[in-house]
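Structure record follows, encoded as structure tokens.
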There are 2 protein chains.
Amino acid sequence: MTDVSSRDEVPPPTRRERVRAATVQEIKQVTRRLLVERGPQQVSLRAIAREMGMTAPGLYRYFPSYDDLLVELVADMYGELADLLIEEREAVPGADPGCRLVVTTRAFRAWAVAHPREYGLLFASPVPSLKEIAAPPHSCSSVHLSGMRFGNVFVEAFFELWGWRPFPVPADDELPGGLVSQFVGYRAELAELYGDEIAQVPLGAFHVFLACWVRLYGLVALEVFSHLHFCLTDVEPFFEANLEDLAAQLGIPAETVRRGRPVR
Amino acid sequence: MTDVSSRDEVPPPTRRERVRAATVQEIKQVTRRLLVERGPQQVSLRAIAREMGMTAPGLYRYFPSYDDLLVELVADMYGELADLLIEEREAVPGADPGCRLVVTTRAFRAWAVAHPREYGLLFASPVPSLKEIAAPPHSCSSVHLSGMRFGNVFVEAFFELWGWRPFPVPADDELPGGLVSQFVGYRAELAELYGDEIAQVPLGAFHVFLACWVRLYGLVALEVFSHLHFCLTDVEPFFEANLEDLAAQLGIPAETVRRGRPVR
DNA sequence: CAGTGTTAGCGAACGGTGTTAACTTTGAAG
DNA sequence: CTTCAAAGTTAACACCGTTCGCTAACACTG
């Protein structure tokens with residue numbers, strides 16, 4: 001038992017495995033570069049292969065299909081985005097949970113604006129495939145898992161704030177009956193992940209969390225898709241105003257929001 | 001001058017023009033049917049032509065390209081959606097402006113949920129083409145115009161409510177400086193369209209309008225794209241709760257919101 | 001070292017796509 | 001009846017995702 005090699009731990013990667021992993025990485029990088037530089041329409045297996053000095057069928061040694069390649073790329077980008085948000089949040093030393101949530105939110109919008117093509121791939125999936133809907137609730141695909149990981153960045157920041165300094169939320173009997181049972185289920189799911197302190201959070205906090213997420217999503221999506229262009233040429237002040245509003249709802253003082261505001 | 005035929009008014013459509021218009025209509029209908037029944041991936045010129053008993057190149061007599069066909073379809077659907085919202089609103093006789101706004105909002109969500117594929121085509125455009133951004137502000141394409149028409153349905157309902165019974169909005173000096181000038185411009189644009197009473201509306205009302213639209217958009221988009229599925233299996237009560245919340249912000253009593261709620 | 005099996009990558013091919021060009025048919029107008 | 005423009009065809013081009021069969025190169029075993 002003390003012998004390391006006797007266990008079936010990960011054996012050291014062979015040379016072959018290393019170059020294979022490197023190729024997989026290069027394929028994803030090239031795919032993403034094509035997406036960014038030439039748009040989603042111009043991304044094709046043949047274009048990727050051409051860019052790498054090989055032919056399209058060769059890529060099938062690494063991905064079972066074009067869609068699988070995209071799916072894996074999406075999962076990677078969800079992960080990257082989650083990492084970035086956490087990183088930016090931790091880069092503010094000694095920040096209170098309110099500030100940390102604001103930083104996370106602002107970083108999300110900044111990433112979306114800076115990476116509109118990637119954002120489109122992640123958050124404007126054409127239409128969810130029907131099988132995904134029919135899938136059992138806990139059978140999580142790779143995308144689903146990464147998506148969860150991303151979402152949980154906000155979940156953590158939000159409930160960290162709640163634990164630090166609770167804010168007003170609707171009482172249980174103020175929530176529609178149809179919502180209560182669903183929030184109970186979601187809370188239980190999160191409690192399984194984060195421990196029992198989550199189980200003490202009132203259901204109204206989940207309602208507020210979702211409402212905030214809805215607003216943030218709408219804000220960023222509309223900006224990235226240029227759907228606010230009909231009245232706003234510069235969306236940033238509008239975003240900051242909404243952020244301040246959102247923060248106020250969570251008991252975060254405007255001064256905390258303004259402190260981290262990017263200079264312009 | 002009194003002679004009708006001497007002016008270049010619309011001459012009576014010839015038989016040729018009528019069958020041509022009918023064909024254009026059929027192409028759009030078939031395209032939409034394919035979109036709904038088989039998904040956006042399966043929509044192709046050849047499939048459309050096949051479905052109509054003709055060949056793909058024949059369609060080029062009616063549309064200069066595949067993209068143009070889609071663009072025109074999108075414009076049509078914006079118009080149809082706008083018509084539907086107005087119709088549903090007018091179907092409630094003697095309703096006060098608050099009720100009318102609620103009905104409009106609810107109808108929008110209902111349409112989106114009932115037509116997810118169409119909704120995806122309208123509101124999750126892959127990524128705005130760069131030329132659209134570079135285009136001068138008042139050069140409006142067909143999509144742009146129809147999109148405006150749709151948006152103005154909400155604009156009208158919102159400012160009708162304001163004119164009927166104003167609600168609290170932030171004062172001008174509470175708005176960020178970067179927003180004031182943009183709202184001034186947008187207000188002037190609307191005043192040109194709706195007359196001078198709009199010019200009297202305070203800028204804060206435009207801020208509130210946009211914030212409401214952001215929230216509604218996020219709500220509906222997240223539902224249609226199944227991005228709330230991670231915690232809600234039935235989104236309707238959540239939508240109704242947000243609608244009530246939104247209405248309260250506009251001074252619409254909860255009783256008014258509940259009155260028109262669909263029975264379940 | 002020789003032998004062997006696995007793997008990476010290639011070219012050809014199939015059915016599909018949007019699009020163009022050249023041609024035929026059709027129907028309305030002078 | 002002639003003429004001419006419009007509608008629709010077939011053939012072709014360049015591209016797409018994907019599969020098949022093949023050739024190398026590689027890693028491991030006797």
Side-chain angles (χ1 to χ4, degrees), chain A residues 5 10-35 37-74 121 125-126 129, chain B residues 5 8 10-35 37-74 117 121 125-126 129:
Chain A
S5 61
V10 266
T14 72
R15 170 180 158 70
R16 248 186 144 102
E17 286 170 334
R18 273 184 288 118
V19 323
R20 183 183 171 84
T23 306
V24 167
Q25 271 314 104
E26 187 187 349
I27 293 173
K28 290 185 194 168
Q29 283 168 10
V30 169
T31 306
R32 184 162 172 182
R33 187 164 54 77
L34 287 179
L35 171 71
E37 290 177 357
R38 307 191 199 169
Q41 289 278 37
Q42 299 301 317
V43 180
S44 71
L45 276 185
R46 287 182 144 97
I48 297 164
R50 209 179 299 130
E51 208 76 7
M52 294 180 61
M54 45 185 295
T55 60
L59 296 176
Y60 280 80
R61 295 279 169 193
Y62 301 92
F63 296 95
S65 80
Y66 176 64
D67 285 324
D68 288 88
L69 165 56
L70 286 192
V71 159
E72 209 164 298
L73 186 64
V74 164
L121 200 58
S125 65
S129 59
Chain B
S5 62
D8 55 347
V10 264
T14 72
R15 169 179 159 71
R16 263 239 248 298
E17 287 169 333
R18 273 184 288 118
V19 323
R20 182 182 171 84
T23 306
V24 168
Q25 271 315 104
E26 188 187 350
I27 293 174
K28 290 183 193 170
Q29 282 168 12
V30 169
T31 306
R32 184 163 173 181
R33 187 163 56 77
L34 287 179
L35 172 71
E37 291 177 359
R38 307 190 199 169
Q41 288 278 34
Q42 299 302 317
V43 179
S44 71
L45 278 185
R46 287 182 147 95
I48 298 164
R50 209 178 300 130
E51 208 77 5
M52 294 181 59
M54 46 185 293
T55 59
L59 296 176
Y60 281 80
R61 296 279 165 187
Y62 301 92
F63 296 95
S65 81
Y66 177 63
D67 285 323
D68 289 87
L69 165 56
L70 287 191
V71 159
E72 209 164 299
L73 185 64
V74 163
R117 296 252 160 85
L121 201 59
S125 66
S129 59

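Every heavy atom of this structure was used, including side-chain atoms; hydrogens, water molecules and symmetry mates were not. In what follows, chains carry the letters A, B, and so on, assigned in the order in which the sequence lines appear, proteins first and then strands, with residues in each chain numbered from 1.
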**Request:** With side-chain contact (heavy atoms from CB on, under 4.5 Å) as the test, would you mind laying out the steps for Val24(B) and Phe63(B) before giving the verdict?
**Result:** CA-CA 9 Å; Val24(B) 168; Phe63(B) 296 95; 3.9 Å; yes
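Rounding to the nearest 0.5 Å places OG1 of Thr31(A) at 8.0 Å from CG of Leu59(A). Expressed to the nearest 0.5 Å, how far CZ of Arg38(A) lies from CD of Glu51(A) amounts to 4.5 Å. Distance check: Ile27(B) CD1 to Arg61(B) CZ gives 12.5 Å after rounding to the nearest 0.5 Å. Summarising the geometry, atom CZ belonging to Arg46(A) is positioned 12.0 Å from atom CD1 belonging to Ile48(A); distances are rounded to the nearest 0.5 Å.
As rounded to whole Å, 10 Å separates atom C1' of dG9(C) from atom CG of Leu59(A). One interatomic measurement links the two molecules: CD1 of Ile48(B) to C1' of dT19(C), which rounds to 14 Å at whole-angstrom precision. Rounded to whole Å, atom C1' of dT10(D) lies 13 Å from atom CE of Met54(B). In this structure, the CZ atom of Arg18(B) is 18 Å from the P atom of dA6(D), given to the nearest Å. Taking atom CG of residue Leu34(B) and atom P of nucleotide dT17(C), one finds them 11 Å apart after rounding to whole Å. Rounded to an integer number of Å, the gap from Arg20(B) CZ to dA5(D) P is 16 Å.
Under the 3.5 Å distance criterion, the side-chain polar atoms of Gln42(B) are left unmatched by any main-chain donor or acceptor of Gly39(B).
Looking at every heavy atom in both residues, Thr55(B) comes nearest to Ala49(B) through C-CB, 3.4 Å. When every heavy atom of Tyr66(A) is checked against every heavy atom of Leu45(A), the shortest pair comes out as CD1-CG, 3.7 Å.
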Collect all protein-nucleotide pairs involving nucleotides 25-30 of chain C in which both atoms are nitrogen or oxygen and the distance is under 3.5 Å.
unit_1: dA28(C); atom_1: OP1; unit_2: Arg15(B); atom_2: NE; d: 2.7

Identify all pairs in which a protein N or O lies below 3.5 Å from an N or O of nucleotides 15-24 of chain D, and state each distance.
unit_1: dC16(D); atom_1: OP1; unit_2: Ser44(A); atom_2: OG; d: 2.7
unit_1: dC16(D); atom_1: OP2; unit_2: Arg50(A); atom_2: NH2; d: 2.9
unit_1: dG17(D); atom_1: OP1; unit_2: Leu45(A); atom_2: N; d: 2.7
unit_1: dG17(D); atom_1: OP2; unit_2: Leu45(A); atom_2: N; d: 3.0
unit_1: dG17(D); atom_1: OP2; unit_2: Arg46(A); atom_2: N; d: 3.2
unit_1: dG17(D); atom_1: N7; unit_2: Arg46(A); atom_2: NH1; d: 2.3
unit_1: dG17(D); atom_1: O6; unit_2: Arg46(A); atom_2: NH1; d: 3.2
unit_1: dG17(D); atom_1: O6; unit_2: Arg46(A); atom_2: NH2; d: 3.3
unit_1: dT18(D); atom_1: OP2; unit_2: Tyr60(A); atom_2: OH; d: 2.5
unit_1: dT18(D); atom_1: OP2; unit_2: Tyr66(A); atom_2: N; d: 2.7
unit_1: dT18(D); atom_1: O5'; unit_2: Tyr60(A); atom_2: OH; d: 2.7

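Taken residue by residue, residues 23-30 of chain B places no heavy atom nearer than 4.0 Å to DNA chain D.
Phosphate contact (OP1/OP2 of dC10(C), side-chain N/O of Thr55(A), threshold under 4.0 Å): present.
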